[in-house]
Protein chains: 2
Amino acid sequence: MARKSLVGVVADELLDRIIAGDFPPGSSVPGELELSAKHEVSRMTVREAMKTLEAQRILSVERGRGTFVNPLNRWASLEAVLRAASEGQNEASASVQLIELRRMLETGACELAATRISDADIHALFGYVASMRQAHEVNDVAAFVDADLAFHDLILRASENVFVAVLFEPLHRVLEKRRAETSAVPTIQVHAIGHHQNIAEALESRNPAKAREAMDSHMQQTLDDLKTLVLGAP
Amino acid sequence: MARKSLVGVVADELLDRIIAGDFPPGSSVPGELELSAKHEVSRMTVREAMKTLEAQRILSVERGRGTFVNPLNRWASLEAVLRAASEGQNEASASVQLIELRRMLETGACELAATRISDADIHALFGYVASMRQAHEVNDVAAFVDADLAFHDLILRASENVFVAVLFEPLHRVLEKRRAETSAVPTIQVHAIGHHQNIAEALESRNPAKAREAMDSHMQQTLDDLKTLVLGAP
DNA sequence: CGTCGCCAGATGTCTGACAAGTCTACTTGC
DNA sequence: GCAAGTAGACTTGTCAGACATCTGGCGACG
């Protein structure tokens, strides 16, 4: 992603200035003419940038009055909120909150999947665990991560809840980098294999509470791993 | 909301056609010129409509090649996915899935809030329960709903997780109409008051598991109410 | 004193044009 | 004959200027 279109650049810069606090929530943003002069682009480019920010509910455009910044809790873009929440020394806090959110969605999906997952999918889950085990033995981190992701994706799909998948997708993108880091540690790999085995077995028993608990343990481990990785690095 | 801007209309109509299956995921959408002719608007209006859909990850615009429809699981807009999932006879299924999602977020937030909520906020929670009880006695549905919403909002804020609040906000908008319907039934009001009382007491005890369980019971009741309301209407 | 209308400034839309990327198919050179 | 190069058509990206329409405030008029 080397080059971006101008409207993307303008939207990014404008969002940066909003996050930096130049335009607090409720206040108005400079007019389209003023912005087009400052960024040395045409008014239309500014307008399209505004439209993208408006579609994410970051801005509210009111004809004849101006364009205003929405409060952060009305923003619809997880990425934008993440950028805003990661400002300064809050990066660690934001990471923890993301894992907390992932925990809610994954444990919930796992609980739902217990009563809906097919025999074939359960079989596939055990296959992924076997792949993780094998990848661990030959020290193939990429294969390990792939099997890990496939495992969780399958459970998400087996929950048969479209909205969970939709909400989880941006999380997926944000977290996948960190997952590659933690998954590179052999000890963590062993823990993960055990947890995944437990989850698959719990789903096989078709017991929602058990499935939820198994996934919850896994998430707790992930949260602990992240805490030691972020906070325990002197 | 009587009149909408033209770009809003074009974006809506285009989204309708996508949802109707005129342009399946992965396929390309008609060019800007063709669309501007069909909708009898200028190319720029079409472009701005496209930009809003692109910002919601419904479309992918590639310079020189065309504009393409993303698969539904990449869409970033809960509302758009809801519209797509509610097509045909899936409206009941979509409603149930929404409640399932709300259940995950609210139970998770309640569990987190148990260890983070302040004494003052707990006091406020009991105050809202008292308001609900009073509104029930004088049969004031609007006041009942207001106290109900305030109760849940406060817990959400007390979880101190920004991302949960962000993801919950669109859910809030979608569900608030239905909530007004179910909350009008006196029997359901009584149930809700009891559940809210239990939740407040569980949070007061600062026991995460207990708090989660109390909220889960409440969500289960809501789910049952909705099922009898949607499915039990001959 | 209240109401009406005008006006400045904001966004909404249109027209027309050119730039730049991509794919196809034809031309050209070997 | 074949492959490389290229011209063209089609796409989106950006620009310029203009006019329409809405909002809010200010002043003139009744």
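In what follows, every chain begins at residue 1, and chains take the letters A, B, ... in the order their sequences are listed.
By the 30° and 60° cut-offs, the orientation of the rings of H218(A) relative to H152(A) is parallel.
Atom CG in L35(B) sits roughly 15 Å away from atom C1' in dC10(D) (whole-Å rounding).
Side-chain atoms of V174(B) and L78(B), non-hydrogen and from C-beta on, never get closer than 4.5 Å to each other.
Side-chain atoms of E48(A) and T52(A) form no donor-acceptor pair, as typed in the model, at a separation below 3.5 Å.
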Please report, to 0.1 Å, the donor-acceptor pairs under 3.5 Å made by any side chain of residues 19-40 of chain B, with sequence neighbours excluded.
from, atom 1, to, atom 2, distance (Å)
S27(B), OG, P24(B), O, 2.6
E32(B), OE1, R43(B), NE, 2.7
E32(B), OE1, R43(B), NH2, 3.0
E32(B), OE2, R47(B), NH1, 3.0
S36(B), OG, E32(B), O, 3.3
S36(B), OG, L33(B), O, 2.7
H39(B), ND1, E13(B), OE1, 2.9

(message) Using side chain to side chain contact (heavy atoms under 4.5 Å, CB included), reason through E106(B) and I155(B) one step at a time and then give a plain yes or no.
(response) CA-CA 8 Å; E106(B) 292 233 40; I155(B) 293 179; 5.6 Å; no

(request) Encode nucleotides 12-19 of chain D as B, S and - characters from 5' to 3', where the letter depends on protein heavy atoms closer than 4.0 Å: B to the base, S only to sugar-phosphate, - to neither. (result) BBBB--B-

